[in-house]
Asker: 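Questions regarding the structure given below will be posed in turn.
Lettering follows sequence order; numbering is per chain, from 1.
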Number of protein chains: 2
Amino acid sequence: MESKGKKILIADDEPDILEIIQYNLTKEGYEVLTAKDGDEAIGKAKIVRPDLIILDIMMPKKNGVEVCEILRSQPTFKETLILFLTALSDEGSHVRGLEMGADDYVTKPISPKVLISRVNALFRRVNKEPEDKVLTVENLSIDPSKFEVMVDGKDVTLAKKEFELLYLLASRPGRVFLRNEILNQVWGNEVIVGDRTIDVHIRKIRQKLGLDCITTVKGVGYKFNL
Amino acid sequence: MESKGKKILIADDEPDILEIIQYNLTKEGYEVLTAKDGDEAIGKAKIVRPDLIILDIMMPKKNGVEVCEILRSQPTFKETLILFLTALSDEGSHVRGLEMGADDYVTKPISPKVLISRVNALFRRVNKEPEDKVLTVENLSIDPSKFEVMVDGKDVTLAKKEFELLYLLASRPGRVFLRNEILNQVWGNEVIVGDRTIDVHIRKIRQKLGLDCITTVKGVGYKFNL
DNA sequence: TTATATATTAAGAAATTGTGAACAGATCCG
DNA sequence: CGGATCTGTTCACAATTTCTTAATATATAA
């Protein structure tokens with residue numbers, strides 16, 4: 001498998017788990033580093049600046065929640081993905097964990113497949129909007145940071161879903177997004193909505209923009225074009 | 001919905017559930033087979049080689065976990081997707097299930113929509129980047145990600161089937177595709193269409209492209225040539 | 001030539017998307 | 001708090017496009 005160019009730091013005190021995870025994620029194409037306790041995790045994190053840190057809740061030196069707390073308090077790690085490993089027993093922890101700013105958690109015992117899919121999902125979720133770049137095409141500009149769309153210099157107000165949908169399409173002009181892709185990106189994997197929902201939003205966007213910038217590819221999906 | 005060319009085997013001892021799932025997945029375009037107990041599941045799996053096996057945990061003869069265990073021990077089913085159906089009560093099972101190499105699980109009672117989205121998600125996860133390569137031959141270029149065909153720099157709009165057919169032929173210039181091959185690749189194994197259907201599509205492509213790039217090999221099939 | 005395969009055409013079937021309205025739930029505002 | 005407004009979703013059905021078929025013409029190989 002090709003490299004995904006993503007660095008992952010795993011911290012767990014059980015060498016077996018460390019090894020299993022490392023093996024599987026490496027096979028997935030990630031660059032994997034390990035730490036066996038909280039302090040080591042923090043130390044390595046500062047050096048390698050990983051894209052994702054997987055933290056066992058229960059660890060010597062500093063536990064996962066503490067590590068998360070410390071890292072999150074630094075600007076450098078504000079955006080770093082953090083995923084907790086929790087035992088089924090400590091239900092409370094991962095609730096706290098997520099409140100603390102973890103991005104996901106996986107309960108032990110760990111299934112490599114599940115972990116991999118969660119990790120991939122995290123990166124997918126993040127890569128969705130790598131930057132809040134303002135998209136500008138001809139007389140249309142889309143500013144995700146301000147949540148603002150302008151046509152011919154005039155403000156157009158889009159609802160959240162409409163905006164997200166437009167931004168997704170416009171982020172790759174010409175490329176066709178399958179209906180499924182759109183659902184995953186805008187609505188999320190777990191949400192289920194009816195067939196016509198996308199259409200309705202597309203229509204609203206077309207209507208509000210007053211531009212013919214979204215092309216229907218029948219039986220396939222939609223694409224942005226100007 | 002068009003065929004996805006994926007075979008799914010469902011094993012559950014409750015006929016109602018079996019029927020509901022079969023109905024919904026069939027409607028989604030999958031080819032669905034059923035089994036009412038563990039042994040039947042294993043038997044059918046060996047014969048039909050499904051792409052995905054949906055196993056109820058609680059079943060007569062052999063339960064889902066056992067079936068999974070047995071199948072996973074054979075090289076043939078190393079890569080086969082397995083999804084468990086679990087009652088909310090037996091929490092422990094699906095943990096074990098996932099460890100065993102299941103790829104996902106869905107808890108009963110089953111919502112067809114949820115199940116469908118999970119199944120689609122599984123296949124999406126597995127289907128790693130299919131040939132999204134842009135094909136370019138002389139003054140013709142075919143871009144599957146944009147679903148776009150250009151001749152001499154001008155856009156030509158093809159319908160889905162037309163596009164798929166052209167892309168298939170053009171992906172191996174010179175090679176003759178048997179009519180059967182074409183049917184399998186573009187329409188899917190189980191879809192039955194009349195003899196003339198392919199011809200009609202071929203004709204439309206020739207017409208729209210305005211190029212003589214598809215050659216008829218009488219009695220055999222078609223090939224792409226430029 | 002004759003039998004068979006393919007091309008062409010038009011028409012209807014099937015599938016997909018567009019549209020307007022209705023609705024519940026959020027959200028806003030006084 | 002209560003009403004007004006906005007959002008997201010669904011639904012039914014219209015509009016459109018795509019796909020398939022069937023009938024006929026044409027081409028090709030033996």
Asker: Using OP1 and OP2 only, check whether a side-chain N or O of Trp187(A) sits under 4.0 Å from dT9(D).
Answerer: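 So the side chain of Trp187(A) is within the cut-off, an N or O lying under 4.0 Å from OP1 or OP2 of dT9(D).
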Asker: Could you tell me whether the side chain of Lys160(A) has a donor or acceptor atom within less than 3.5 Å of a complementary atom in the base of dT7(D)?
Answerer: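 There is none.
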Asker: What I want to check is whether an N or O donor and acceptor connect the side chain of Lys218(A) with the base of dT18(D) at under 3.5 Å.
Answerer: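 Between dT18(D) and Lys218(A), which were checked side chain against base, a qualifying N/O pair under 3.5 Å is absent.
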Asker: Measure the distance from CZ on Phe147(B) to C1' on dT17(D) and round it to the nearest whole Å.
Answerer: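 Atom-to-atom, Phe147(B) to dT17(D), this comes out as 13 Å.
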Asker: Using OP1 and OP2 only, check whether a side-chain N or O of Thr197(A) sits under 4.0 Å from dG8(D).
Answerer: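 Indeed not, no polar side-chain atom of Thr197(A) lies that close.
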Asker: Both Gly194(A) and Lys208(B) contact DNA chain D. Taking the nearest nucleotide for each, which residue is further toward the 5' end?
Answerer: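 Of the two residues, Gly194(A) wins.
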Asker: Can you check whether Arg196(A) has a side-chain N or O nearer than 4.0 Å to OP1 or OP2 of dG8(D)?
Answerer: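 It does not, given that no N or O in the side chain of Arg196(A) lies less than 4.0 Å from OP1 or OP2 of dG8(D).
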Asker: Tell me the interatomic distance from Arg203(A), atom CZ, to dA15(D), atom P, rounded to whole angstroms.
Answerer: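 Interatomic distance, CZ of Arg203(A) to P of dA15(D): 14 Å.
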Asker: Taking OP1 and OP2 of dA7(C), is either one under 4.0 Å from a side-chain nitrogen or oxygen of Thr216(B)?
Answerer: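 For Thr216(B), the contact criterion (side-chain N or O under 4.0 Å from OP1 or OP2 of dA7(C)) is met.
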Asker: Is Leu52(B) close to Pro50(B) at the side-chain level, that is, under 4.5 Å between some pair of heavy atoms?
Answerer: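 No, every pair of side-chain atoms sits at 4.5 Å or beyond.
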Asker: Got a sec, which residues hit salt bridge (Lys or Arg N to Asp or Glu O under 4.0 Å) with Arg179(B), two or more places apart in sequence or on another chain?
Answerer: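 Testing Arg179(B) for salt bridge (Lys or Arg N to Asp or Glu O under 4.0 Å), a comparison that skips the adjacent residues, returns Asp199(B).
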Asker: Could you state the interatomic distance from NE2 (His201(B)) to CH2 (Trp187(B)), rounded to the nearest 0.5 Å?
Answerer: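 Those atoms lie 5.0 Å apart.
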Asker: I need the OH-C1' distance between Tyr222(A) and dT17(C), as an integer number of Å.
Answerer: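 Spelled out: OH on Tyr222(A) to C1' on dT17(C) is 6 Å.
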Asker: Using whole Å, report how far NZ of Lys161(A) lies from P of dC6(D).
Answerer: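 Spelled out: NZ on Lys161(A) to P on dC6(D) is 19 Å.
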Asker: Given atom CG of Asp195(A) and atom C1' of dG18(C), what is their separation to the nearest angstrom?
Answerer: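 Computing the Asp195(A):CG to dG18(C):C1' distance gives 14 Å.
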Asker: So do the side chains of Met59(B) and Lys36(B) get within less than 4.5 Å of each other, counting heavy atoms only?
Answerer: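 No; the side chains remain at least 4.5 Å from each other.
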Asker: How many Å lie between CD1 on Ile198(A) and P on dT16(C), as a whole number?
Answerer: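 After rounding, the reported distance stands at 14 Å.
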Asker: Tell me whether the side-chain N/O atoms of Arg179(B) come closer than 4.0 Å to OP1 or OP2 in dT6(C).
Answerer: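 Yes, because at least one side-chain N or O of Arg179(B) sits under 4.0 Å from OP1 or OP2 of dT6(C).
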Asker: May I have the distance from Ile182(A) (atom CD1) to dT17(C) (atom P), rounded to whole angstrom?
Answerer: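 Rounded to whole Å, this separation is 10 Å.
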Asker: May I ask you to evaluate whether Arg206(B) reaches the phosphate of dA7(C), defined as a side-chain N or O under 4.0 Å from OP1 or OP2?
Answerer: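 Answer yes for this pair, as a side-chain N or O of Arg206(B) is under 4.0 Å from OP1 or OP2.
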Asker: Let me know the distance between CD of Gln207(A) and C1' of dG8(D), rounded to the nearest Å.
Answerer: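 The distance from CD of Gln207(A) to C1' of dG8(D) comes to 15 Å, rounded to the nearest Å.
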Asker: Leu55(B) and side chain to side chain contact (heavy atoms under 4.5 Å, CB included): which partner among Leu83(B), Ile82(B), Asp12(B)?
Answerer: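 Checked Leu83(B), Ile82(B), Asp12(B) against Leu55(B); only one passes side chain to side chain contact (heavy atoms under 4.5 Å, CB included): Ile82(B).
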